[in-house]
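Count residues from 1 along the sequence.
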Amino acid sequence: MRKAALLLLTVFACALAAQPKGVPVIIVCGQSNSDGRVPLCDYPAYMQTDLCQYCYDDGSHFQNGLFKPYTPYTWVSGDSERFGYDAFVYHYLQKALQQPFYVVKLTLGGTAIDPSCTNSNGGKFWSCNPAWYDRQTATSLGGKSLMKAFERSFDACRTQTLEKLQQGYDVKAILWHQGESDHSAQGPANYYQNLTTLIAHMRQFLYEQTGSDDCLSLPFILGTVSHISLQYNADVERAHLRIADEDPNVYAIDMSDASLLGDDLHFNVESAHRLGRSVFSQLVKLNICPDTTEETADSDITGDVLINANFELATDGQQNPRGNVSRGTPYGWTLTPLPTGNSYGINKDAVNFSGNNVCWVNATPLPDDIELSQTIPADKLGAGHYVITCKLWVEVNKKDNCRLFAHANPAQGGERQTVVQYYGYESDYTNLLSPDEEATYAGFAGGSSGNFILRPLRVEIDLNDGEALTLGIRSGNRRNNGTHSTDNAGWFKVDDFHVFKGSETGVLSEKINVNSEKLAPMYDLQGRRITHLPSLSPLPKGGVGGRPGAGIYILNGKKVIL
């Protein structure tokens, strides 16, 4: 009888051990690179994050424990349509888990741990030093403690949502990027102790909230600061690495050589993707989720066919240092006719360029027609369908006829039609169209000369065997009203050319019922929020207000084609 009872207990214990844990929960905290500063226009078309249930607070917008599907957004006045490395984590987690998961995020740009850092945003700090922490109230209640704001947020998420999940919940990891604002005062000297205390404090708090012993050794995954950041500090980096070396459950991802936006502070889309992919890889190693690979329908052949596709090389073909101005025709490219003066070449004067440089072409006035181009030989291509993309900026009210183009060059002579995409709206170019060009329109109004945000353009073209491909930017001084600009209208900045062979990768081409989703925020690829009233169903194909554009929208964290 005793043996039977022991056997029954053993079977029961094994059954409990075999039960799956609850719904995964991820914590995201830190300052601006966790908050997200990549412009929404760089949000990749393949991203799918609708299974990510998201509760986001910046320390003052208390959400009372409510979640909604992730949509790229940051609470920053006047420039909120942005995202960060964590968006890529959510994308990869969705592909791996194929089930809902929850994210509790509290991030605020420009914030330090150490209270001696007077530069910390709004006098708010992450400090968990008891001598300071115990005297503070949460920032979401008007105080100075970001940690207490996070604790208040998590407690609300637990009581209002997580504890009501039928499957239960399981906190899996803390993701952290911070340290830039601790580069001054006593921040560097105290950073090791400050971050060590913070990690222990967060683990203890989550243990008390959840009752799970696993939280006492919860994985803490952090990214280091790029060495080209204006706020990089070697002592802060040493503290990151030392803590990761000493604590077996802290994992530091080396971002020392990461490229940044033009502000020399924040990750660009390439670095955000790199950090997000690295965080996901660490989650895989911890058996938090299975591995997954990116499904790619296109073949990105840029590196095999284009020279200096993202303008990293100076005119002499050598690597151009970040911040250096290299005037002249960019290496590997042709510029014809040459504009007057010397205001063309590569520099870092833009927001979201790729790598360390962006190309610009400017003159007063520009030639009637000017072309920045490169020809890919036929023996590097072959018959097939090709997609050419770039990122382009043109000044508002000075767009003239600026456009991305691609042209097939037949082996035996003869003419093939050129495909182009104009930067603006169709109405901007009614008197500028060329009969030998097949035109589409990106639908951008144009940017200000003080905020050079590059926007995505793309064209598609079919090549026959033996055909070369010429691609690039065409512009000039011709206005739509038939006159010629005498100022610098038509000038442009361009970067990040890509050539894909095959259909475009990863766009979710499902059709949706806009009316059924009308309460969800929808965005176009320019980062403009769309008001979807019943009168807009179906939405104008490819644009806003009836004006053609990309035809790809962000809805409920997914890319959809309308």
Item to check | Minimal non-hydrogen separation, I461 against A408, with atom names | outcome: CD1-N, 3.7 Å

Next on the checklist: Under a 3.5 Å distance rule, please check whether S475 uses its side chain to pair with a backbone N or O of G490 as donor and acceptor.
Outcome noted: yes

Next on the checklist: If only side-chain N and O atoms count, and only distance matters, is there a donor-acceptor pair under 3.5 Å linking H407 with T418?
Outcome noted: yes

Checklist entry - Can you say whether the rings of F444 and Y423 are parallel (under 30°), tilted (30 to 60°) or perpendicular (over 60°)? => result tilted

Checklist entry - Which one of N357, D264, N347 satisfies the side chain to side chain donor-acceptor pair (under 3.5 Å) criterion with R322? => result D264

Item to check | Donor-acceptor under 3.5 Å (D86 side chain, V89 main chain) | outcome: no

Checklist entry - Any sub-3.5 Å donor-acceptor pair from T302's side-chain atoms to V499's backbone N or O? => result yes

Next on the checklist: Just verifying a value: how many Å separate L366 CG and T486 OG1, rounded to the nearest 0.5 Å?
Outcome noted: 11.5 Å

Item to check | Test item: N233 side-chain N/O and V236 main-chain N/O as donor-acceptor pair under 3.5 Å | outcome: yes

Checklist entry - Judged by modelled atom types alone, do S343 and W360 share a side-chain donor-acceptor pair under 3.5 Å? => result yes

Next on the checklist: Holding to salt bridge (Lys or Arg N to Asp or Glu O under 4.0 Å), I want the full list of residues that pass it with D35, two or more places apart in sequence or in another chain.
Outcome noted: R37

Next on the checklist: Hydrogens and angles aside, do Q178 and S34 bring a side-chain donor and acceptor to less than 3.5 Å of each other?
Outcome noted: no

Item to check | Between S256 and T224, a side-chain donor and acceptor under 3.5 Å | outcome: no

Checklist entry - Are F500 and H498 near enough that their ring centres are under 6.0 Å apart? => result yes

Next on the checklist: Using salt bridge (Lys or Arg N to Asp or Glu O under 4.0 Å), reason through D369 and R478 one step at a time and then give a plain yes or no.
Outcome noted: CA-CA 8 Å; D369 292 285; R478 295 184 294 130; 2.9 Å; yes

Next on the checklist: Check for me whether the distance between the ring centres of Y85 and F267 falls short of 6.0 Å.
Outcome noted: no

Side-chain donor-acceptor pairs under 3.5 Å in residues 373-380, sequence neighbours left out?
{"residue": "S373", "atom": "OG", "partner": "E371", "partner atom": "OE2", "Å": "3.1"}
{"residue": "Q374", "atom": "OE1", "partner": "I307", "partner atom": "N", "Å": "2.7"}
{"residue": "Q374", "atom": "NE2", "partner": "I307", "partner atom": "O", "Å": "3.0"}
{"residue": "Q374", "atom": "NE2", "partner": "G332", "partner atom": "O", "Å": "3.2"}
{"residue": "T375", "atom": "OG1", "partner": "T470", "partner atom": "OG1", "Å": "2.8"}

Checklist entry - Counting distance only, does the side-chain N/O of S181 pair as donor-acceptor with the main-chain N or O of S120 below 3.5 Å? => result no

Checklist entry - Under 4.5 Å between any side-chain heavy atoms of I473 and C390, yes or no? => result yes

Checklist entry - Does any donor atom in the side chain of N33 or E180 lie under 3.5 Å from an acceptor atom in the other side chain? => result yes

Checklist entry - What is the ring orientation for Y43 with F83, classed by angle as parallel under 30°, tilted 30 to 60°, or perpendicular over 60°? => result perpendicular

Next on the checklist: Is it the case that the side chains of T111 and Q31 hold a donor-acceptor pair, with the cut-off being a distance below 3.5 Å and no angle test?
Outcome noted: no

Next on the checklist: Do L381 and Y386 have side chains that approach each other closer than 4.5 Å (heavy atoms only, starting at C-beta)?
Outcome noted: yes

Item to check | Non-hydrogen side-chain atoms of V103 and Y70 separated by less than 4.5 Å | outcome: no

Checklist entry - Are Q318 and D316 linked by a side-chain donor-acceptor pair shorter than 3.5 Å? => result no

Checklist entry - Quick check: are there more than 12 heavy atoms from other residues, nucleotides or ligands sitting under 6.0 Å from OH of Y331? => result no

Next on the checklist: Under 6.0 Å from the ring centre and within 45 degrees of the ring axis: does the NZ or CZ of R277 meet both conditions for the six-membered ring of F88?
Outcome noted: no

Checklist entry - Using a distance-only test with no angle check, is there a side-chain donor-acceptor pair under 3.5 angstrom linking S184 and N119? => result yes

Checklist entry - Hey, mind stepping through N268 and S259 against side-chain hydrogen bond (donor to acceptor under 3.5 Å, both in side chains) and telling me if it holds? => result CA-CA 6 Å; N268 59 15; S259 55; 3.0 Å; yes

Next on the checklist: Would you say the ring centers of Y46 and H91 fall short of 6.0 Å from each other?
Outcome noted: yes

Checklist entry - Can you check whether W491's main-chain N or O pairs, donor with acceptor, with N362's side chain at less than 3.5 Å? => result no

Next on the checklist: Looking at K399 and A445, would you say the former's side chain and the latter's main chain have a donor-acceptor pair under 3.5 Å?
Outcome noted: yes

Item to check | Nearest heavy-atom neighbours spanning F353 and K391 | outcome: C-NZ, 4.5 Å

Item to check | Side-chain touch P39/L261, heavy atoms, less than 4.5 angstrom | outcome: yes

Checklist entry - With distance as the sole test, does N308 use its side chain to make a donor-acceptor pair with the main-chain N or O of E312 at under 3.5 Å? => result yes

Item to check | D257 with R274: basic N within carboxylate O range, under 4.0 Å | outcome: yes

Checklist entry - Does H61 offer a backbone N or O that forms a donor-acceptor pair with the side chain of D58 under 3.5 Å? => result yes

Checklist entry - Is there a donor-acceptor pair under 3.5 Å between the side chain of S229 and the backbone N or O of Q231? => result yes

